[in-house]
There are 2 protein chains.
Amino acid sequence: MSPMTPARPVPLPEGPQLGLRERKKIKTRMAIREATYALIKEQGYDATTIEQIAERAEVSPSTVFRYFPTKEDIVLTDEYDPLMLEELRARPATESWLDSVRYVLHRSMDALLAEDPEAVRVRAHLAVQIPAVRARMIESMSATGLLLRGAIAERHGLDADSLEVRVYAMSLVGGLMEANITWAENDCQDELRDLVDRALDVIEHGLPAKNT
Amino acid sequence: MSPMTPARPVPLPEGPQLGLRERKKIKTRMAIREATYALIKEQGYDATTIEQIAERAEVSPSTVFRYFPTKEDIVLTDEYDPLMLEELRARPATESWLDSVRYVLHRSMDALLAEDPEAVRVRAHLAVQIPAVRARMIESMSATGLLLRGAIAERHGLDADSLEVRVYAMSLVGGLMEANITWAENDCQDELRDLVDRALDVIEHGLPAKNT
DNA sequence: CCATGAAATGAGAGTAGCTCTCAAAAGATA
DNA sequence: TATCTTTTGAGAGCTACTCTCATTTCATGG
């Protein structure tokens with residue numbers, strides 16, 4: 001889900017049966033992303049302009065905008081929600097809903113952190129520090145909520161467009177997002193896994209009994 | 001809370017003991033807002049430029065930006081979260097938490113809809129149609145969540161910065177927001193009050209048993 | 001009522017994200 | 001190789017937003 005799974009460069013999907021054109025596109029996309037991450041690391045987000053990104057990626061500014069609608073999207077675009085959704089749907093119907101969510105989240109977090117932990121952290125920090133990035137990230141929350149609705153409705157035998165399902169999806173996604181932000185604010189020192197588990201507990205059972 | 005209480009022009013807080021300067025400032029603020037609403041009604045959001053707004057409000061573009069940091073803020077700024085927070089804190093501790101929330105939300109919705117129903121609807125529609133506005137609105141959600149955390153922590157005897165309280169606040173605010181969006185997508189035909197009630201039920205008890 | 005200080009305003013220049021158009025370049029197809 | 005399609009680059013243009021500085025407008029004490 002978006003709040004938990006920010007973008008990463010696609011691991012070059014199947015090689016040879018793709019035409020030269022498609023392969024080039026993927027390369028360009030990655031080049032732009034990598035240039036962006038590098039520049040942000042050197043100078044910060046705001047100081048990094050599209051022109052600089054284009055230059056380092058060796059494409060024209062126009063091309064940058066063709067690949068990414070906004071500057072924030074270069075950092076954030078997430079292509080994995082649909083995959084997670086499938087995994088969710090594939091979980092046995094006997095499993096409790098939130099357990100399914102927990103399982104799938106664990107799997108994707110592990111995968112992401114194993115593959116490119118640096119990028120995950122950079123993204124998390126940007127989401128905390130740069131309002132525009134955070135805004136865009138939260139926006140993608142809505143999209144994630146929309147996807148989730150299908151799976152939730154299926155599991156619970158409800159209508160995906162009913163207010164109840166909508167509210168439930170959004171409240172789930174909001175809670176998970178906050179866990180992610182907390183993690184970033186703490187400099188990614190805690191185990192994201194644990195934070196997510198605690199978040200799911202709160203969503204399932206409400207607040208715990210008093211203790212400091 | 002932000003998702004439910006978009007901005008409205010302040011009802012000219014106390015008159016005479018304010019200096020001429022302060023009174024002028026309030027007037028300018030209102031003039032800018034009203035010009036904006038009028039222009040948006042005539043031409044839509046995107047077609048309305050800051051220059052036009054400035055012209056109709058009879059101020060310079062610089063002044064517009066002095067009063068509102070972004071174009072979206074002209075439409076959305078909400079000064080009422082703190083008030084609702086106080087009301088929340090003032091509810092008896094014996095009342096269940098979500099009942100308090102329900103009560104305060106009811107009161108502010110009634111007040112807002114009574115005072116300027118048109119503006120509330122325009123804002124709701126913009127939040128659905130214009131990505132930038134929605135983004136900004138969702139952003140303010142985080143701020144609202146932050147405020148809420150204090151009240152929640154107080155009531156439940158927990159730490160306001162604990163992950164649990166943070167997650168709970170965000171999940172509450174996310175759910176309420178979705179109710180508001182649903183309302184706007186339905187052209188504000190349903191009773192917002194009812195939607196909010198149903199949303200709170202979902203947040204409290206989870207999804208209802210099967211029915212279509 | 002006037003002089004002095006402080007705050008608000010307007011004018012203008014500048015930056016950068018983003019859009020659009022059009023012609024040139026590169027890949028696909030036969 | 002020739003043709004058709006897709007992708008790219010160049011450049012102009014728009015607008016939100018920032019900064020600076022001179023001017024105006026209000027506040028205050030004598």
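Order of the sequence lines sets the chain letters (A, B, ...), proteins ahead of strands, with each chain counted from 1.
- The base of C/dG27 does not come close enough to the side chain of A/R23 for any donor and acceptor atom to sit less than 3.5 Å apart.
- In this structure, A/L20 places its CG atom 10 Å from C1' of C/dA28, rounding to the nearest Å.
- Taking atom CG of A/D46 as the reference point, atom P of D/dC17 lies 14 Å away to the nearest angstrom.
- Computed from coordinates, the B/E55 CD to C/dT9 C1' distance equals 17 Å when rounded to whole Å.
- Side chain of A/R66, nearest nucleotide from D/dC17, C/dC18, C/dT21: C/dT21.
- Contact check, B/K24 against D/dT25: no side-chain N or O comes under 4.0 Å of OP1 or OP2.
- For A/T28, taking side-chain heavy atoms from C-beta onward, the closest of the listed nucleotides D/dT8, C/dC18, D/dC26 is D/dT8.
- Remark: C1' of D/dT8 and CD of A/E58 are 14 Å apart, rounded to the nearest angstrom.
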Pair B/D110-B/R193, salt bridge (charged side-chain N to carboxylate O under 4.0 Å, His left out): steps then yes or no: CA-CA 9 Å; B/D110 291 348; B/R193 227 186 142 89; 2.9 Å; yes
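- To the nearest angstrom, C1' of D/dT8 lies 15 Å from CZ of A/F65.
- Side-chain atoms of B/R56 and B/T36 form no donor-acceptor pair, as typed in the model, at a separation below 3.5 Å.
- Distance from the side chain of A/T63 is smallest for D/dG9 among the nucleotides D/dG9, C/dG10, D/dT25.
- Annotation: of the two residues near DNA chain C, B/R21 and B/P61, the 5′-most nearest-nucleotide partner is B/R21.
- Across the interface with DNA chain D, nearest-nucleotide mapping of B/K71 and B/E22 shows B/K71 to be the residue nearer the 5′ end.
- Side-chain proximity of A/S62 to the nucleotides C/dG17, D/dG11, D/dC26 is greatest for D/dG11.
- In this structure, A/K71 forms a cation-pi arrangement with A/Y45, its terminal cationic atom sitting closer than 6.0 Å to the ring centre and no more than 45° off the ring axis.
- Using modelled atom types and a 3.5 Å distance limit, the side chains of B/R134 and A/S142 yield no donor-acceptor pair.
- When the P atom of D/dT8 is taken as reference, atom CD1 of A/I32 falls 9 Å away, rounded to whole Å.
- Using a 4.0 Å heavy-atom distance criterion, B/Y67 is classed as a sugar-phosphate-only contact.
- Going from atom NZ of B/K25 over to atom C1' of D/dC26 covers 12 Å, rounded to whole Å.
- Atom-to-atom, NZ of B/K27 to C1' of D/dC26 comes out at 15 Å; the value is rounded to the nearest Å.
- Counting only heavy atoms from C-beta on, A/T49 has its side chain closest to C/dG17 among D/dA16, C/dG10, C/dG17.
- Relative to the side chain of A/S60, the nucleotides D/dG9, C/dA8, C/dC18 differ in distance, and D/dG9 lies closest.
- Once rounded to the nearest 0.5 Å, the distance linking CD1 of B/I181 with CG of B/N186 reads 12.5 Å.
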